[in-house]
There are 2 protein chains.
Amino acid sequence: MTNPVDSRSGKRRQASWTQDPEGVRRDILEVARAEFVENGLSGARVDDIAAKTATSKRMIYYYFGDKEGLYRAVLEGMYDRIRSFERSLDLDTLAPEEAIRRLTEATFDYHIDNPDFVRMVMVENVHHARHLRASRTIADLNSSVVDVTRRIYERGIAAGLFRPGLEPLDISLTISALSIYNVSHRATVGQVFGYDMCTPEALARRRSMTVAAVLGMLRG
Amino acid sequence: MTNPVDSRSGKRRQASWTQDPEGVRRDILEVARAEFVENGLSGARVDDIAAKTATSKRMIYYYFGDKEGLYRAVLEGMYDRIRSFERSLDLDTLAPEEAIRRLTEATFDYHIDNPDFVRMVMVENVHHARHLRASRTIADLNSSVVDVTRRIYERGIAAGLFRPGLEPLDISLTISALSIYNVSHRATVGQVFGYDMCTPEALARRRSMTVAAVLGMLRG
DNA sequence: TGATAAATGTACTAACCGGTTCAATTGGTC
DNA sequence: GACCAATTGAACCGGTTAGTACATTTATCA
């Protein structure tokens, strides 16, 4: 981390500093993530981000061009993370029903553990995914989860456990919907129903219900 | 609708106008809804809203106090609407499984038909439901759907069709999650998977899958 | 060691934007 | 028809905010 400002003696222009491009970049990205997640794109303030950084606003524009460039970088980082999570899934050796259960639970837990990602996706949806579209990371591996799901599903059909005729992508999206909701709508549900979906007890209940819903849908 | 501005002859101060408080209010609310839904709270511009109105910015502040007051009014209006939708449900005469099917389909369709509501709820969740909390309309009937769900569920248990032990609220939330997702995440899903969840065919598929998931969960 | 490129800090600005001031006009009421 | 409250218009303002100009320091490498 750079140490650019001599906290005492306002007179001294600045203490000497060591260059650390990667550190500065990371620092900015971490702060920016928190701010965008909390305030959205238009709600976040570049000056606030800069202030919470060990560096200055100048660096934000130096590395990321403009506010949207910074936002895009944060967004890409988050999608990179979930992609690597998806790649880490190894369910081909499990029985179909058990594999679906594990996939569902892992997805469910991932969203609970990464509320920042969920909120960022919400923000991006408000913007009609405009920045995702403008990002490089789209064409890349976009659907490893769908492949995982497809393989499990097909094994399940072959074993006579699942009914045929469903789209693997739709199955994935059902799991996603039920997992994301707990985080994305926690606030309004909490307010309207006086119910916190994210207490350990509520989560345990909702997790098993989610598995039941997905399996129930597959069994038809 | 007021007709405040004489489009020709910039010299003329203003043509005469007739008072229409309710009309002006409605006009502002409609424009504001579109703007907030499209740009979020911080993204929306009061000047833009005013420009698209038949009246002036002055009226916004006259009737709604400030930008957040206007936002709150829009939000409340939308919750009023969905509450009346919920009240219109009359499912107590149907067999439990058919009632759940109808409830699920009606909820599903409501969200498809009211994307503005879905987007507004998203925006409000980004703000941690702060404005919903600050609103009057909270303490009112907050859970008529949950009551509907509870009655169906209990009848289903009594008939030996549904497994016991579930929370009616959780059932409602499952239906809600699967219904909202199609609209709320349409953009990112479309971008990441190249899949539009809202084509008629996709919707038909997802609708029946949603019913299957909910019924599957209830049957256990 | 000296030249060049990369990285960083400071101070500034121009536009934007939520909100206000001041005054005028309307419509009901006695 | 005169008075008063409700309603509306036009111009304006001060703080905020994204973005920049310019100078300076650090690292690289021949």
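By convention in this document, chain letters (A, B, ...) are assigned in the order of the sequence lines, proteins followed by strands, and residues within each chain are numbered from 1.
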Inset, instruction - Respond yes when some side-chain nitrogen or oxygen of A/S56 is under 4.0 Å from OP1 or OP2 of C/dG9, and no when none is. - result: yes
Inset, instruction - Evaluate the ring planes of A/Y181 and A/H185, with Trp represented by its six-membered ring, and classify them as parallel (under 30°), tilted (30 to 60°) or perpendicular (over 60°). - result: parallel
Legend entry - Candidates A/I100, A/V211, A/I175 - the one meeting side-chain contact (heavy atoms from CB on, under 4.5 Å) with A/E105: A/V211
Inset, instruction - With heavy atoms under 4.0 Å as the rule, sort A/R58 into base, sugar-phosphate or nothing. - result: base
Legend entry - Nucleotide D/dA6, atom P - distance to CZ of B/R25 in whole Å: 14 Å
Legend entry - salt bridge (Lys or Arg N to Asp or Glu O under 4.0 Å) contacts touching residues 180-190 of chain B (sequence neighbours left out): B/R186-B/D196
Inset, instruction - Specify the separation, in whole Å, of atom CD of A/E35 and atom C1' of D/dT17. - result: 14 Å
Inset, instruction - Measure from CD1 on B/I60 to C1' on C/dT20 and round the result to the nearest Å. - result: 14 Å
Inset, instruction - Could you check if a side-chain atom of A/D147 sits within less than 4.5 angstrom of a side-chain atom of A/R150, using non-hydrogen atoms only? - result: yes
Legend entry - A/R45 side chain, from C-beta outward: closest of C/dG19, C/dC17, D/dT17: D/dT17
Legend entry - B/M59 CE to C/dG19 P, straight-line distance once rounded to whole Å: 16 Å
Inset, instruction - Specify the separation, in whole Å, of atom CG of B/D47 and atom P of C/dA15. - result: 16 Å
Inset, instruction - Identify whether any heavy atom of A/A44 sits under 4.0 Å from a base atom; if not, whether one sits that close to sugar-phosphate; answer base, sugar-phosphate or nothing. - result: sugar-phosphate
Legend entry - Shortest non-hydrogen contact between A/Y63 and A/R25, atoms and distance: CD2-NH1, 3.7 Å
Inset, instruction - Name every residue in residues 64-74 of chain A that has at least one heavy atom under 4.0 Å from any atom of DNA chain D, in order of residue number, or write none if there are no such residues. - result: A/D66, A/K67
Inset, instruction - Would you kindly give the OH-to-C1' distance between B/Y61 and C/dC17, to the nearest whole Å? - result: 8 Å
Inset, instruction - Measure across B/R205 and B/Y195 and return the closest heavy-atom pair with its distance rounded to 0.1 Å. - result: NH2-OH, 2.9 Å
Inset, instruction - Check whether any side-chain heavy atom of B/M120 sits under 4.5 Å from a side-chain heavy atom of B/Y71, and report yes or no. - result: yes
Inset, instruction - Could you state the atom-to-atom distance from OH of B/Y62 to P of C/dG19 in whole Å? - result: 18 Å
Inset, instruction - Report the distance from atom CG of B/D48 to atom P of C/dC16, rounded to the nearest whole Å. - result: 11 Å
